[in-house]
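Before anything else, here's the structure in question.
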2 protein chains.
Amino acid sequence: MAGYDPRTFPAVAVTVDLVVLTVRDGGLCVLVVRRGEEPYAGREALPGGFVRPDEDLLAAAQRELAEETGLTPGAAHLEQLASYGAPDRDPRMRVVTVAHLALVADPPDPRAGSDAAAARWAPVAEVSPGLAFDHDRVLGDGVARARAKLEYTALAASFCRSSFTVAELRRVYEAVWGRPLDPRNFHRKVTSAAGFLEPTGETTTRDGGRPAQLYRRGPAAALHPPLLRAEN
Amino acid sequence: MAGYDPRTFPAVAVTVDLVVLTVRDGGLCVLVVRRGEEPYAGREALPGGFVRPDEDLLAAAQRELAEETGLTPGAAHLEQLASYGAPDRDPRMRVVTVAHLALVADPPDPRAGSDAAAARWAPVAEVSPGLAFDHDRVLGDGVARARAKLEYTALAASFCRSSFTVAELRRVYEAVWGRPLDPRNFHRKVTSAAGFLEPTGETTTRDGGRPAQLYRRGPAAALHPPLLRAEN
DNA sequence: CCAAAAGTGTTCAAAGTACACCCATGA
DNA sequence: TCATGGGTGTACTTTGAACACTTTTGG
């Protein structure tokens, strides 16, 4: 950083790309757009776009997320994932992308963004490998991050609507981790984790059987103790 | 990403900044350079520099690390930390920096990089807050990452020389976490974590008292089970 | 011998897993 | 009434914290 000359910096384009995940029909799904132009015309890619001159990185990601899904900022969890800048990752020019991870609940059908030809929610295994650019790797990193963070944060609730049952939350964990969990132990763990869930007082029978208590997200960001930890 | 025009991208400079940590005299220290020019002339900052036109992000970080410390690539742990791109973070122009975290053992005295006026190892609390640009935040994020990763990875060994004792490894944990650990339970935990440590067969009395077994890093990257987990 | 640090054994408490069992609803 | 999922109780196992104790060196 010391001693650089602003007049001779190497020209680079900076974009944000989005790994937008949701849980649908018991599986982990990602938002992808079909590319209409070269390079990779016809292939699917993660949504993304340029960072504008007066925009912070997170703000750019929020704007792109809103453009692609119609979600208002704050309605979904959004965090920076990692940056990717291999010199040849885009054949046209040097592009460094700052990837972000978004977790959304109950997603609306994707609306065609200003420049996205066609967007859809696709099961992760269905589109990757096969994405444009280095997006297979970006998606892989995003899924790995989501899996890891479910263990020790309250993030799983970001995949649920504002009011949800313990069983719905459990199905999120099962979808992201790809393995069944014991409903009874899971129930005890999440309801006894301080600040994770707050009962609304209402019940629902939308899952069938005995009415289930409804909860909303609690104030806790981290989970003490973490979930999982083997549960063979 | 879809539909951008390479001829009209917003001009941005991309740099890498380094959070280089080491343990000295029982405390966590960071490599800082004194700035010779505006802005922030005379203030200390994290080392860093431009990403060159044909260089990947990690390669740029490796090059900077070598320039500042003389360490050859691979001699230290180096990973991407996060990117920072607030529009006004550098008053001269739009600069997006991809920060990296490096953990080094037994560091040589910093050598003046090609453009670094003066570099030194400083205790983290001594220089932050007070760093130039947004480097207080970058350093804080780096330290937080290091603290967290010691729990569930074998990274602590990156702070040790190629051959080290359990007590030396414990002092690394104590310095980074800032709290004492029970030597006896610590010994049992790290020696029973599969793949963390490999005995060299040699012993040393450099710590005084009964001779201690010497170890080198094992092949494991992750620790099962993780360390810490309360230990009040 | 004494001090100092390495390393082991043992006890107790806490947490996790497996699973039997009861509850409350819709059909 | 039965099927279905919600929710609780409990026995067993595993893990971790605390700390007494033995070992092996230097001075």
Side-chain angles (χ1 to χ4, degrees), chain A residues 25-26 150-152 156 160-161 163-175 177 179-216 220 222-232, chain B residues 26 150-152 156 160 163-175 177 179-194 196-216 222-232:
Chain A
D25 305 323
L150 285 211
E151 275 197 57
Y152 58 94
C160 296
R161 288 171 288 178
S163 178
F164 55 89
T165 67
V166 172
E168 287 163 355
L169 184 65
R170 176 168 49 82
R171 281 190 277 275
V172 166
Y173 276 89
E174 292 177 332
W177 285 345
R179 68 142 119 178
L181 299 174
D182 185 302
R184 299 159 295 190
N185 292 334
F186 181 85
H187 184 279
R188 196 184 349 240
K189 279 191 192 180
V190 296
T191 54
S192 64
F196 192 3
L197 303 180
E198 283 181 346
T200 65
E202 320 240 314
T203 61
T204 180
T205 58
R206 63 191 180 213
D207 293 324
R210 170 175 165 178
Q213 188 66 233
L214 281 168
Y215 296 88
R216 59 175 150 260
L223 250 41
H224 298 292
L227 297 190
L228 192 59
R229 188 157 188 75
E231 181 143 3
N232 296 312
Chain B
L150 285 211
E151 276 198 57
Y152 59 93
C160 297
S163 179
F164 54 91
T165 68
V166 171
E168 288 164 354
L169 184 66
R170 176 168 47 81
R171 281 190 277 275
V172 165
Y173 276 89
E174 291 176 333
W177 285 344
R179 68 142 121 178
L181 299 175
D182 184 302
R184 301 159 294 192
N185 290 335
F186 182 84
H187 185 281
R188 197 183 350 237
K189 278 191 192 179
V190 297
T191 53
S192 65
F196 191 4
L197 302 180
E198 283 181 347
T200 65
E202 320 239 314
T203 61
T204 181
T205 58
R206 63 190 181 216
D207 293 323
R210 170 176 166 180
Q213 188 65 231
L214 280 168
Y215 295 89
R216 60 176 149 260
L223 250 39
H224 296 293
L227 296 191
L228 192 59
R229 189 160 189 73
E231 181 142 2
N232 296 312

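In what follows, every chain begins at residue 1, and chains take the letters A, B, ... in the order their sequences are listed.
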Revision key, fill the gap. Rounded to whole Å, the OH-C1' distance (A:Tyr152 to C:dA15) equals 21 Å
Check your understanding: Does the side chain of A:Leu197 come within less than 4.5 Å of A:Gln213's, by heavy atoms?
Key -> no
Check your understanding: Quick one: CD on A:Glu151 to OH on B:Tyr152, what's the gap to the nearest 0.5 Å?
Key -> 10.5 Å
Revision key, fill the gap. Atom CG of B:Leu181 and atom C1' of D:dC19 are separated, to the nearest Å, by 16 Å
Revision key, fill the gap. B:Phe186 CZ to D:dG16 C1', in whole Å, measures 15 Å
Review point. How many Å lie between CD on A:Glu174 and C1' on D:dG5, as a whole number?
Key: 13 Å
I'd like a table of atom pairs between the protein and nucleotides 6-10 of chain C - only N or O on both sides, under 3.5 Å - with the distance next to each one.
| from | atom 1 | to | atom 2 | distance (Å) |
| --- | --- | --- | --- | --- |
| C:dA6 | N3 | B:Arg210 | NH1 | 2.8 |
| C:dG7 | OP1 | B:Gln213 | N | 2.9 |
| C:dG7 | OP2 | B:His187 | NE2 | 3.2 |
| C:dG7 | O5' | B:His187 | NE2 | 3.3 |
| C:dG9 | N7 | B:Arg188 | NH1 | 3.2 |
| C:dG9 | O6 | B:Arg188 | NH1 | 3.4 |
| C:dG9 | O6 | B:Arg188 | NH2 | 2.8 |

Practice item. Sequence neighbours left out, what passes side chain to side chain contact (heavy atoms under 4.5 Å, CB included) with B:Ala167? Give chain and number order. Key: B:Thr165, B:Arg170, B:Arg171, B:Asp207
Practice item. List the steps, then state whether ring pair (Phe, Tyr, Trp, His ring centres under 6.0 Å) holds for A:Phe186 with A:Tyr173. Key: CA-CA 10 Å; A:Phe186 181 85; A:Tyr173 276 89; 5.4 Å; yes
Practice item. Quickly work out the A:Phe164 CZ to D:dG5 P distance and round it to whole Å. Key: 20 Å
Practice item. Can you tell me the distance, in whole Å, between the NE2 atom of A:His224 and the P atom of C:dG16? Key: 13 Å
Practice item. Starting from C1' on C:dA5, measure out to CG on B:Leu214 and report it in whole angstrom. Key: 14 Å
Review point. Does A:Pro180 reach the side chain of A:Glu174, with side-chain heavy atoms less than 4.5 Å apart?
Key: yes
**Study point:** B:Leu169 side chain near B:Phe196 side chain, heavy-atom distance below 4.5 Å
**Key:** yes
Practice item. Find the distance A:Leu197:CG to D:dG7:P and express it as a whole number of Å. Key: 11 Å
Practice item. For D:dA17, take OP1 and OP2 only and decide whether either is under 4.0 Å from a side-chain N or O of B:Lys189. Key: yes
